[in-house]
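Comments concern the structure below.
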Number of protein chains: 2
Amino acid sequence: MGLRERTRRTVQKEIAEAAQRLFVERGYEATTIDDVAAEVGMSPRSVFRYFATKEDIVVGKLGFVAEEMLQALRDRPADEPVWESLRRIFDLLVPHVDAPGKREVADPMQRIVFTTPALLASYLEKLHVMGDAAETAIRDRAQAAGKPYSDDDPTPRALVAGAFGCLLAAQKAWLAGGAKQSFAEAIDQAMATIGPR
Amino acid sequence: MGLRERTRRTVQKEIAEAAQRLFVERGYEATTIDDVAAEVGMSPRSVFRYFATKEDIVVGKLGFVAEEMLQALRDRPADEPVWESLRRIFDLLVPHVDAPGKREVADPMQRIVFTTPALLASYLEKLHVMGDAAETAIRDRAQAAGKPYSDDDPTPRALVAGAFGCLLAAQKAWLAGGAKQSFAEAIDQAMATIGPR
DNA sequence: GCCGAACTTGTCACTGACTGTCAATTAGTG
DNA sequence: CACTAATTGACAGTCAGTGACAAGTTCGGC
């Protein structure tokens, strides 16, 4: 990654942090892009050069994490049960949700995501797209392992959708239930209630 | 349902049909609300009196179907396995997806939903909200049957999330795979690959 | 058939997210 | 230091969506 890309990410992070502070303070919808731009001291136009949409300021980071998770999925042993592989790559998401130290902002921000239709929609859509990629990865590795799924077999997609559903269930349960357990434990618990047949 | 409500739905249907014709013809994003308004011969302002958002013109119908499905869920025997109950209420959605007769418009429209980020996001969000309500219904009936889930038990949410994931998987598989099987069969197949433990 | 309350409609003015363009500035490269 | 490429702000414009209001329209009670 070149220097350009690095400074770009720095600015992105700065915008995101300032914006999320405002979102938590005043509410997501009540905060305009102009407010955010003023807070970081740049023009509104430039904010959109770092984030395609207002929602992206909040959920954009997920795109990067998704990349890591997909790579991790491809790196898993080809003969590992799919359900187990998915559980393992979710570990990469954990520190971003159950953020060590900075729960102060991350926690209320997540609540905002789940209570703001536009943000929730955006979040779900990102997860869905990641799910598509995960399905492909799973089909590829089954192919490589010599036991390919037939093209019209919905199994890989159903497994991914089920696992992601559990992930979401775990996140909501974890957010609702105070800090009685870690997010990782919540995922374990959710993914134990259903699974491949 | 009063007369006013009935005429209201009639107008909604008229707008939705005209709009979807345009969406299929010219593309969703390339079609403006002004275009739709002109097509049905009313002011743009009035279109928004029938649909809260542009996306709602496409996915709004799902809200009504969701109501029916939730009622059906509450009407299911309290001792039926949850997975089975969910499978059964999905039957109410089937005729709206695998629409008898009017595949001409419904089919390409569904493809548009899955390929237009804003629409997909909106669709997923609606399903998610329905999932919330379904979770409540399931907890209620377990309570009524004398075996309540504990408040922090993620099982009901995970079951719902998993089942809805399968539904989505089935829909995508069905859309992709031509008409080799019925949508109902696709759901059966997806929901057979995973399930409660 | 008439009337007032309730509902619907179009118009207008406005906000806010986003985009294209261009000229000025800034920052890496040789 | 000079050159090229990327970054920026300013500006004008599109489109979705909202609030307010005045002009119809509908409908039950008389």
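Side chains included, hydrogens not; waters and symmetry mates left out as well; all remaining heavy atoms used. Every chain is numbered from 1 and lettered A, B, ... according to where its sequence line falls, protein lines coming before strand lines.
Remark: the backbone N or O of B/Leu159 is not paired with any side-chain donor or acceptor of B/Trp83 at under 3.5 angstrom. Under a 3.5 Å cut-off, the side chain of A/Gln110 and the backbone N or O of A/Leu175 do not form any donor-acceptor pair. Looking only at distances, a side-chain donor or acceptor of B/Ser43 sits under 3.5 Å from a matching main-chain atom of B/Ser46.
Nearest-nucleotide positions on DNA chain D for A/Gly41 and B/Tyr28 put A/Gly41 closer to the 5' end.
The side chain of A/Ile33 sits closest to C/dA17 out of D/dG17, C/dT9, C/dA17. Side-chain proximity of A/Arg49 to D/dT8, D/dA16, C/dG10: nearest is D/dT8. Distances were taken from every side-chain heavy atom of A/Arg45 (C-beta onward) to each of C/dA17, D/dG9, D/dG17; the shortest belongs to D/dG9. Which of D/dG17, D/dC21, C/dT19 sits closest to the side chain of A/Phe48 comes down to C/dT19.
Atom CG in B/Leu119 sits roughly 12 Å away from atom P in D/dA16 (whole-Å rounding). The distance between atom CZ of B/Arg26 and atom P of D/dC15, rounded to the nearest whole Å, is 12 Å. Spacing between atom CD1 of B/Ile15 and atom P of D/dA16 amounts to 15 Å, rounded to whole angstrom units. One can place CG of A/Asp56 at 11 Å from P of C/dT19, the figure rounded to the nearest angstrom. What separates CD of A/Glu29 from C1' of D/dT18 is a distance of 13 Å, to the nearest Å. We find that NZ of B/Lys54 is positioned 13 Å from C1' of C/dC18, with the value rounded to whole Å. Between the CG atom of B/Asp34 and the P atom of C/dT11 there is a distance of 12 Å, rounded to whole Å. In this structure, A/Asp35 atom CG and C/dA17 atom C1' are separated by 13 Å, rounded to whole Å.
B/Asp132 and A/Lys172 are joined by a salt bridge, as a carboxylate oxygen and a charged side-chain nitrogen come within less than 4.0 angstrom of each other.
A sub-4.0 Å separation between OP1 or OP2 of C/dC18 and a side-chain N or O of A/Tyr50 is absent. OP1 or OP2 of C/dG10 lies within a sub-4.0 Å distance of a side-chain N or O belonging to B/Ser46.
Within a 6.0 Å radius of CD in B/Glu25, more than 12 heavy atoms belonging to other residues, nucleotides or ligands are found.
Under the 30°/60° scheme for interplanar angles, the aromatic rings of B/Phe164 and B/Phe90 are found to stand perpendicular. Ring geometry, A/Tyr123 versus A/Phe114: the interplanar angle exceeds 60°, so the pair is classed perpendicular (tilted spans 30 to 60°).
Rounding to the nearest 0.5 Å gives a distance of 9.0 Å between NZ of A/Lys61 and NZ of A/Lys13. With values rounded to the nearest 0.5 angstrom, B/Thr136 atom OG1 is found 8.0 Å from B/Arg157 atom CZ.
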Using a 4.0 Å heavy-atom cut-off, write out nucleotides 25-30 of chain C from 5' to 3' as B (base contacted by protein), S (sugar-phosphate only) or - (no contact).
-> ---S--
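With no hydrogens or angles considered, a side-chain donor-acceptor pair links B/Asp152 and B/Ser150 at under 3.5 Å.
Rounded to 10°, the angle separating the first-five-pair axis and the last-five-pair axis of the helix from C/dG1-D/dC30 to C/dG30-D/dC1 equals 20°.
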